[in-house]
Amino acid sequence: METKEISLGRTLAVPFVQELAKKGLTSVPPRYVHHDQDPPIISLDSCSPQVPVIDMQRLLSEDFMDSELQKLDQACREWGFFQLINHEMSSRLVEKLKLETEEFFKLPMEEKSKYGQQEGDVEGYGNVFVVSEDQKLHWGDKLFFTTSPPHLRKPHLFPNLPPSFRFSLSLSVNSNVNNCTDLFEDTLEAYSTGLINVAAIILGLIGKNLRIENNELALLSEGRQTMSFNYYPPCPQPEQVIGIAPHSDASGITILLEVNDVQGLQIKKDGMWIPVKPLPNAFIINIGDTLEILSNGAYRSIEHRATVNSLKERISVATFCSPKMDGEIGPAPTLVTPETPAMFRRISTIDYIKGLLSRKIDGKSYLQTMRIQNEQGKSN
Ligand SMILES: O=C(O)CCC(=O)C(=O)O
Ligand SMILES: [Fe+2]
């Protein structure tokens with residue numbers, strides 16, 4: 001049975017960057033200056049390599065399934081990132097979520113802070129991975145919470161009424177309710193359910209490509225879904241700061257939605273930072289550390305970062321499909337053979353998350369701690 005309200009970690013309270021950016025600063029405070037950043041290596045031009053595009057309709061069609069599955073396998077092995085088109089999520093719903101996300105960040109501070117992080121919790125409106133007073137900070141705020149399974153939701157952030165009840169409730173009262181956050185919750189409910197379905201299909205096909213058993217995939221296919229609504233305000237010195245520092249996600253897979261057509265996501269491929277140019281109506285999907293572990297290193301999580309600009313805010317929604325809380329993370333037994341020994345140790349999901357939240361964001365360094373010693377040379 002999964003445990004409710006366990007304390008997995010905490011983060012130190014830091015100022016909201018959205019408020020800081022409103023002050024009309026001409027230079028950024030020293031705590032936000034990152035001197036050690038790689039410069040953007042290549043700009044977005046037609047010559048730069050782009051992440052592969054996977055077509056979900058082809059994945060589900062008899063005629064094209066085999067070739068699209070192969071493309072998916074190659075994308076997971078060589079890139080760890082792909083754009084998913086024709087994903088069957090209603091574009092009306094996605095557009096609604098984008099609008100309501102923008103509306104959320106426009107709310108006055110008193111309203112937004114009702115969702116503020118509470119003592120000893122990383123969920124809520126604020127920041128995560130701030131573990132020391134002298135740590136460099138990101139140029140961005142986030143609203144982060146668990147969406148599924150419903151009993152793990154924090155009721156003050158996302159009520160855990162069953163979806164059917166929520167929908168009938170909203171239908172009966174919506175006509176005279178003009179409260180943006182009520183509507184936001186209903187859109188979120190539908191978006192969360194839609195992405196659980198998309199993730200289940202993609203994970204199922206990844207399992208097929210990896211030739212692992214359904215019960216080995218259950219760690220992720222029956223896992224936890226969390227969402228991070230990321231807000232990066234414009235910055236007077238964008239080259240001095242970073243929206244999110246280089247990291248790989250701890251998830252199985254992450255499904256990213258670009259909300260307002262402002263680019264900023266970059267991924268590290270063959271030592272170069274490549275800007276991702278989102279296609280219309282696409283989700284950007286990446287492999288997280290848990291899938292790298294589960295696949296015994298066949299698929300690699302990829303470092304990425306979010307840059308900011310001086311003119312316009314950038315907003316994104318990252319949905320993390322993460323391991324189930326009462327699970328154990330480790331390589332799928334089917335993939336561990338005398339020729340391919342386990343590259344990672346086994347750890348309970350709870351210990352894995354506790355370890356993650358006790359550190360600052362730092363590339364793939366946390367995954368390295370999971371590696372079995374004699375395999376360390378093989379890291380990327
Ligand atoms: O905003 C983005 O483009 C990236 C966000 C991200 O990497 C994350 O939330 O883990
Ligand atoms: Fe990420």
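All values below come from the heavy atoms of this structure, side chains included, with hydrogens, waters and symmetry mates left out. In listed order, ligands and their atoms are each counted from 1.
When only interatomic distances are considered, the shortest N/O to N/O separation between Ser228 and ligand 1 does not fall below 3.5 Å. In terms of N/O distances under 3.5 Å, ligand 1 is not approached by Glu258.
In terms of protein heavy-atom proximity, atom 9 (O) of ligand 1 is closest to Asn230 ND2, 3.3 Å. Shortest contact from atom 6 (C) of ligand 1 to any protein heavy atom: Ile244 CD1, 3.6 Å.
With a cut-off of 2.8 Å, the protein N/O/S atoms near the Fe ion (ligand 2) add up to 3.
With salt bridges taken as basic N to acidic carboxylate O contacts below 4.0 Å, none links Lys98 and Glu258. In summary, Lys154 and Asp121 engage in a salt bridge, as defined by a charged side-chain N under 4.0 Å from a carboxylate O. Of the charged side-chain nitrogens involved, at least one lies within less than 4.0 Å of a carboxylate oxygen, so that Glu103 and Lys106 count as a salt-bridged pair.
Tyr366 does not carry Arg359 over the face of its six-membered ring by the limits of under 6.0 Å from the centre and within 45° of the normal.
Side-chain atoms of Gln225 and Thr146 form no donor-acceptor pair, as typed in the model, at a separation below 3.5 Å. No side-chain donor-acceptor contact under 3.5 Å links Lys324 and Thr349.
Note on ligand 1: His247 sits in its first shell, one or more heavy atoms being nearer than 4.0 Å.
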